[in-house]
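Quick note: numbers below take in every heavy atom, side chains included, and nothing from hydrogens, waters or symmetry partners. Each chain gets a letter, A, B and so on, in the order its sequence line appears, and its residues count up from 1. It should be emphasised that the depicted structure is a prediction, and the values quoted were computed from it without experimental measurement.
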2 protein chains.
Amino acid sequence: MKSKQETEQPEIRRKKTAEERRQDILEAALNIFTEKGYNGSTTAEIARAAGVAEGTIFRHFATKKELLIAVLSPKILEGIISLDKKHKDPVEFFRCFMKNRLELIKENDALVRFMFAEAQYHDEVREALSKGILGQGINIVQPWFEKGVKQGVFKPVPFPSVMRTFMGMVLFYGVFNHVFPGLSPKNTIEEATDQMLEIFLHGLIVKEAKT
Amino acid sequence: MKSKQETEQPEIRRKKTAEERRQDILEAALNIFTEKGYNGSTTAEIARAAGVAEGTIFRHFATKKELLIAVLSPKILEGIISLDKKHKDPVEFFRCFMKNRLELIKENDALVRFMFAEAQYHDEVREALSKGILGQGINIVQPWFEKGVKQGVFKPVPFPSVMRTFMGMVLFYGVFNHVFPGLSPKNTIEEATDQMLEIFLHGLIVKEAKT
DNA sequence: AACGTAAGTGAGTAATCACTCATTAACATT
DNA sequence: AATGTTAATGAGTGATTACTCACTTACGTT
C-alpha cells in the first residue's frame with residue numbers, strides 16, 4: 001500500500017519515491033556491471049553512478065548479489081512479448097524471429113554478453129537465463145519447427161540441435177562483434193540476417209552438389 | 001642459462017625446479033579461474049591449490065593479471081597444430097574441422113567458457129583471443145572455403161558470415177551444455193557433429209521445398 | 001507549527017585483497 | 001665442512017571491500 005500522492009512539484013529538490021530511487025540504482029548497476037563485471041564492480045561505484053549514498057543501495061537491496069538478480073531478472077524475459085503470432089509459414093517465422101533476435105541483441109549487446117559471462121559463475125544467473133531463454137525456445141520456436149517438419153518443409157533434425165544451432169548463430173552475433181572487431185565491418189542487420197538465414201535454411205552447399 | 005642438473009632423486013622432499021613450480025601454479029590458477037572467474041579468485045586460494053606459499057606466486061608472476069595471461073596464452077594457440085592438411089575436399093575439411101573443434105571444446109569447455117567470459121572485461125584476453133582464433137579462421141578456414149566456392153560447391157556467401165555462423169555453432173556448443181543443461185542429454189559428439197553439419201552444409205529446409 | 005514517518009546519509013567496521021620483504025631452506029660448488 | 005646461490009616462505013601492509021547504523025532530512029498529517 002504505497003500511499004504516495006503526486007501533488008505539486010515545486011522548484012526545490014524533491015525527495016524521490018522509493019521506486020524512482022530503485023530504478024536509478026538498477027540503471028546505474030546495469031551500466032557498471034556490464035562494463036566491469038559483477039566482481040569487478042563495487043557498490044561504492046554503483047552508488048556514485050546512481051547519485052545516491054552507498055547506504056541507500058542496501059536499503060533497497062539486501063546484498064550486492066540481490067542487486068545483480070534484480071538487474072537481470074526483468075531483462076531476461078524482455079522481448080518475449082514483442083513477437084506476434086501472425087506468421088503462417090514456418091520459414092517466414094524463422095526469418096522474422098532471427099531478425100527480431102538479432103536486433104534485440106544488437107541493441108543490448110553489452111547486456112547479453114554480461115549475462116552469458118556471469119552465467120559461468122553464478123548459479124542464480126544461469127538458472128534464470130536457462131528458464132527464460134529455454135522457455136522462449138520451447139514455447140515459441142519448437143512449435144514452429146515441428147509444424148515445419150509436419151508440413152515436410154523442415155528436415156526432422158532433433159530439436160535440441162536445431163535450437164543449439166540457431167541460438168549459437170544468433171547469440172554469437174553480439175559476442176562476435178565485440179571479441180572480433182574488424183571482421184564483418186559494415187554488415188547491416190538486414191545483410192547479417194539474410195546471410196545467416198541462407199546458411200541456416202539452405203546450407204552452405206549449392207543444391208546441385210553432393211556431399 | 002639454467003644449469004640445473006638432474007642428479008639422483010633421494011627420498012627426502014626435494015625442492016622443485018622453477019619451471020616445475022611455475023607449472024604447478026599455472027595449473028592451479030587455471031582450475032580456480034575457470035571455476036570462480038578472474039576477479040572472483042584470490043591469489044591466496046590459488047597458492048593453496050598449488051601447494052605453495054602466496055609469496056611464491058609473485059616470484060614467478062609479477063602480478064595477478066600476468067598470471068592470467070600466462071594461463072591463457074598457451075591455451076589459445078593450442079589445437080592449431082593438431083589439424084593436418086590431408087583433406088582434398090572442402091566439404092570433408094569442414095566435417096573434420098568441426099568434429100575436431102567440437103572435441104577440443106568438449107574437453108576444455110570450462111576453459112573456453114572462461115576465455116570468452118573474461119574477454120568481456122580484459123582487453124588483453126580479448127586481443128589474444130581475437131588474434132589466436134581469427135588467425136585460425138583466416139589461415140585455415142578461409143582458404144578451404146574459397147576453394148569450395150571456386151569449385152562451385154559452396155555458395156559465395158561473404159566469408160565473415162560463414163565464419164561467424166560456423167564459430168557460433170561450434171563455440172556455443174560448450175556454453176550451451178553448461179547454461180542449458182537438460183537439453184540435448186545423450187547427444188554424442190558424433191551425433192552433434194552430424195546434425196550441426198547437416199544444417200550448416202545443407203540447411204534446415206528439405207531440398208525440394210521453396211522459400 | 002508541531003509531530004510522525006519513511007527515505008537517505010556517510011562515517012565506521014571487520015574482513016579481505018594483491019603484493020612485499022626480511023628470513024629461511026635446499027641445493028651446487030669448492 | 002664452508003660458502004654461495006637460487007627458490008620458497010609467511011607474517012605483514014596499506015588499500016579496498018561489502019555492509020551497518022546512529023543520525024539527518026524531507027515530506028504528509030494534524
Please indicate whether [X] has more than 12 foreign heavy atoms, meaning atoms of other residues, nucleotides or ligands, lying under 6.0 Å from its [atom1].
X: A:Lys65; atom1: NZ; value: yes
X: B:Lys64; atom1: NZ; value: yes
X: B:Glu66; atom1: CD; value: yes

Quiz item: Charged N to carboxylate O under 4.0 angstrom, A:Asp109 versus A:Lys106?
Solution: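 No, no charged N to carboxylate O under 4.0 Å.
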
Atom-to-atom span, [atom1] of [X] to [atom2] of [N] - whole angstrom:
X: A:Arg21; N: C:dT9; atom1: CZ; atom2: C1'; result: 11 Å
X: A:Ile57; N: D:dT20; atom1: CD1; atom2: P; result: 13 Å
X: B:Glu19; N: D:dA7; atom1: CD; atom2: C1'; result: 14 Å
X: A:Phe58; N: C:dG12; atom1: CZ; atom2: P; result: 18 Å
X: B:Leu67; N: C:dC17; atom1: CG; atom2: P; result: 15 Å
X: B:Ile25; N: D:dA8; atom1: CD1; atom2: C1'; result: 10 Å
X: B:Phe33; N: C:dA18; atom1: CZ; atom2: C1'; result: 12 Å

Self-check item: Ring geometry between A:Phe97 and A:Phe93 (parallel below 30°, tilted from 30 to 60°, perpendicular above 60°)
Solution: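 Ring orientation, 0 to 90° scale: parallel.
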
Self-check item: Strand-adjacent residues in residues 59-66 of chain A, judged by heavy atoms under 4.0 Å from DNA chain C
Solution: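 Within this stretch, A:Arg59, A:His60 sit under 4.0 Å of the strand.
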
Quiz item: What are the two closest heavy atoms between A:Lys155 and A:Val149, and how far apart are they?
Solution: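 It is O-CG2, 3.8 Å.
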
Exercise. Identify whether NZ of Lys or CZ of Arg in A:Lys147 sits under 6.0 Å from the centre of the six-membered ring of A:Phe154 and within 45° of that ring's axis.
Key: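 Checked: cation-pi criterion not met.
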
Quiz item: Between A:Gln23 and A:Glu27, do the side chains contain an N or O donor and an N or O acceptor separated by less than 3.5 Å?
Solution: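 Absent: no donor and acceptor within the cut-off.
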
Self-check item: DNA chain D contacts made by residues 38-54 of chain B, counting heavy atoms under 4.0 Å
Solution: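 Within residues 38-54 of chain B, the residues near DNA chain D are B:Val52, B:Ala53.
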
